[in-house]
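Just follow the structure's listing: the first ligand is 1, and inside any ligand the first atom is 1. Keep in mind it's a predicted model, so treat the numbers as computed, not measured.
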Amino acid sequence: MLISKKNLINLRIRKICCIGAGYVGGPTMAVISDHCPHLKVTLVDKDKSKIDAWNSIDLSNLPIYEPGLREVIQRNRGKNLFFSINIKKAIEEADMIFISVNTPTKINGLGAGYASDLKWIESSARQVAQYSQGHTIVVEKSTVPVRTAELIQEILLNSENSTYKDKKTFSVISSPEFLAEGTAIKDLENPDRVLIGGTDQEAIDLLKDIYLRWISEDKILLTNLWSSELSKLIANAFLAQRVSSINSISALCEVTGADIHEVVKAIGSDQRIGSKFLSPSPGFGGSCFKKDILNLVYLCRFYNLEEAANYWEQVLFINDWQKERISSRIIEKFYGTVSNKNILILGFAFKSNTNDTRESPSIGISKDLLENGARLFINDPKVGKKQIEKELELKEGEINQISTGGWTYADDIYHFSKNIDAIIILTEWDFYKQLNWEKISLNMRKPSWIFDTRNIVSKIDISKFNINYWQVGTTN
Ligand code: NAD
Ligand code: UGA
């Protein structure tokens, strides 16, 4: 979408800016700066504490944990990679601006509970309209509902509140991000594809030139704007659908004597199905799958495609059911009550290799157990006490008003396994695969249980010790 072509011919990109220094903006810009030493890359955010953390001298204090991220930051920060709260300056000097802000589900107003809240996209566009100078290419990096580029264009075109009265021009293109947390650097270094959508060929070529520094041309897919925006939502919907599909089958395996591992192997060996995204789990978490499917459901309903909306909504229904099913299974194994039971939770992040807890299945399952009066001891190698307090809406050591359940941060698994009645594995951290179960079993109060919702512990190994073992998707 080209608003006006003035000044674009022969435009060279020297300075880029990214609005939003979060899980996407941070790693993406770090990798771009690594491959493009000729570019000055500035990440800006309205959250000063986040920018301070990105600038922290001790790299263990970066705001997000991603394998390999520290090294990339160390190589480039202060050279051609900068983190700043001076949004005005970064926008003023940028030739290309990436919008990488959050697009969560709306909580109020029209479409609440389904539609994406675009207020941060809007405020970013207004900042660009106000401070940009000359010609600016605006790249939508956030995941957005189809036709959001139109909204951005309208704001850019109609801004009366410009700091500079000189004529300014814009091109809006879309380039959604497909990285997954925990493998962000690997995904950015070697993506399956880079998608660029738009009509302004010069703007597209300039963005493509950046990616061509390390990605081969055949992986760069060019589409129209709306296909690019929609493909991002659909990619997430398809991935989430696979997880819900296999989780629904895990329940069927548990009651029929089939084994989910064997079923996964049998179906995953069919090249048409493939083996990825078929691991049974306590349900998918993360900031995007749920909100992107809700948004897809909203879009379908908006266009009167009720059947399509209902189809995709089931993916979310199964995901909630899986989490509830696991909580119920644990309570059933204790003959209907976990009141005053000591339960060690292994893993609070929504998947391994990240410190992100957004929509983590551990939140709902922990809350269910707390409501049933359990005493929880929670461990995660990368999630701290404050984050858990925020997610559970309950301070460590405080008592849940209704049930008298409470929780304690368990930094040492062996120490906190003393007198524990059950251990629930909720995140598949490698560290948990190497635990000394013999030592743990001696500490636990009998009869003791391990509930393995990620299937990372060998049933055969555990059977050597005096512990009951339940895993998702097998008859227990
Ligand atoms: P995030 O919450 O980690 O980061 C967004 C940042 O934007 C926040 O730090 C916020 O303070 C900042 N921000 C919001 N409005 C601003 C403004 N007007 N000016 C300056 N800063 C502003 O979010 P995220 O996880 O990085 O996701 C960003 C987008 O990318 C979302 O649309 C998401 O759907 C999409 N996405 C996320 C992932 C992922 O793995 N997290 C992967 C692919 C795509
Ligand atoms: C997902 C997509 O994989 C990315 O391509 C996309 O860019 C991103 O969403 C986004 O738009 O935010 P992410 O949520 O970071 O990435 O992580 P995934 O690896 O996709 O895992 C999502 C959830 O599904 C996790 O809770 C994970 O444990 C669960 N999962 C995944 C399973 O339960 N089983 C599987 O087989 C795979």
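Heavy-atom contacts from other residues, nucleotides or ligands closer than 6.0 Å to CD of Q271 number 12 or fewer. Counted within 6.0 Å of NZ on K386, heavy atoms from surrounding residues, nucleotides or ligands total 12 or fewer; the atom is thus considered open.
Classified by interplanar angle (parallel below 30°, tilted 30° to 60°, perpendicular above 60°), the ring pair F289/F284 is perpendicular. Using cut-offs of 30° and 60° on the angle between ring planes, the pair W470 and F451 is tilted.
For ligand 1 and K50, the ligand atoms under 4.0 Å from any heavy atom of the residue are 8 (C), 9 (O). Less than 4.0 angstrom separates some heavy atom of G20 from each of these atoms of ligand 1: 6 (C), 7 (O), 12 (C). Of all the atoms in ligand 1, the ones that sit under 4.0 Å from a non-hydrogen atom of E181 are 39 (C), 40 (O), 41 (N). The contact set between ligand 1 and S100, taken as ligand atoms under 4.0 Å from a residue heavy atom, comprises 5 (C), 28 (C).
Taking distance alone, with nitrogen or oxygen atoms compared against 3.5 Å, D45 approaches ligand 1 more closely than that limit. Checked by distance only, ligand 1 and F178 stay at 3.5 Å or farther apart across all their nitrogen or oxygen atoms. The distance criterion of under 3.5 Å between nitrogen or oxygen atoms is met by S123 with respect to ligand 1.
K385 forms no cation-pi arrangement with Y409, by the criterion of a distance under 6.0 Å to the ring centre and an angle within 45° of the ring axis. Both the sub-6.0 Å distance and the 45° axial angle are satisfied by R193 relative to the ring of F178.
Ring pair F238/W312: centre-to-centre distance below 6.0 Å.
Of the protein's non-hydrogen atoms, W120 CD1, 3.1 Å is the one closest to atom 15 (N) of ligand 1. The protein heavy-atom contact nearest to atom 3 (O) of ligand 1 is Y23 N, 3.1 Å. When only non-hydrogen protein atoms are considered, atom 28 (C) of ligand 1 lies nearest to V101 O, 3.4 Å.
A salt bridge does not link K232 with E140: every distance from a Lys NZ or Arg NE/NH1/NH2 to an Asp or Glu carboxylate oxygen is 4.0 Å or more.
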Mind listing the N or O contacts between ligand 2 and protein, cut-off under 3.5 Å?
| unit_1 | atom_1 | unit_2 | atom_2 | d |
| --- | --- | --- | --- | --- |
| ligand 2 | 5 (O) | F178 | O | 2.7 |
| ligand 2 | 7 (O) | F178 | O | 3.2 |
| ligand 2 | 7 (O) | L179 | O | 2.6 |
| ligand 2 | 7 (O) | K232 | NZ | 2.8 |
| ligand 2 | 11 (O) | K232 | NZ | 2.8 |
| ligand 2 | 11 (O) | N236 | ND2 | 2.8 |
| ligand 2 | 15 (O) | E181 | N | 2.7 |
| ligand 2 | 17 (O) | K351 | NZ | 3.2 |
| ligand 2 | 19 (O) | K351 | NZ | 2.8 |
| ligand 2 | 26 (O) | G285 | N | 2.9 |
| ligand 2 | 26 (O) | F350 | O | 2.9 |
| ligand 2 | 28 (O) | R454 | NH1 | 2.7 |
| ligand 2 | 28 (O) | R454 | NH2 | 3.3 |
| ligand 2 | 33 (O) | S281 | OG | 2.6 |
| ligand 2 | 34 (N) | S279 | O | 2.9 |
| ligand 2 | 36 (O) | L278 | N | 3.3 |
| ligand 2 | 36 (O) | S279 | N | 2.8 |

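Side chains of W429 and N379 form no contact here, defined as non-hydrogen atoms less than 4.5 Å apart. Within the 4.5 Å cutoff, side-chain heavy atoms of I363 are placed close to those of K367.
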Kindly determine whether V263 and C253 satisfy side-chain contact (heavy atoms from CB on, under 4.5 Å), including the steps that lead there. CA-CA 9 Å; V263 174; C253 287; 4.1 Å; yes

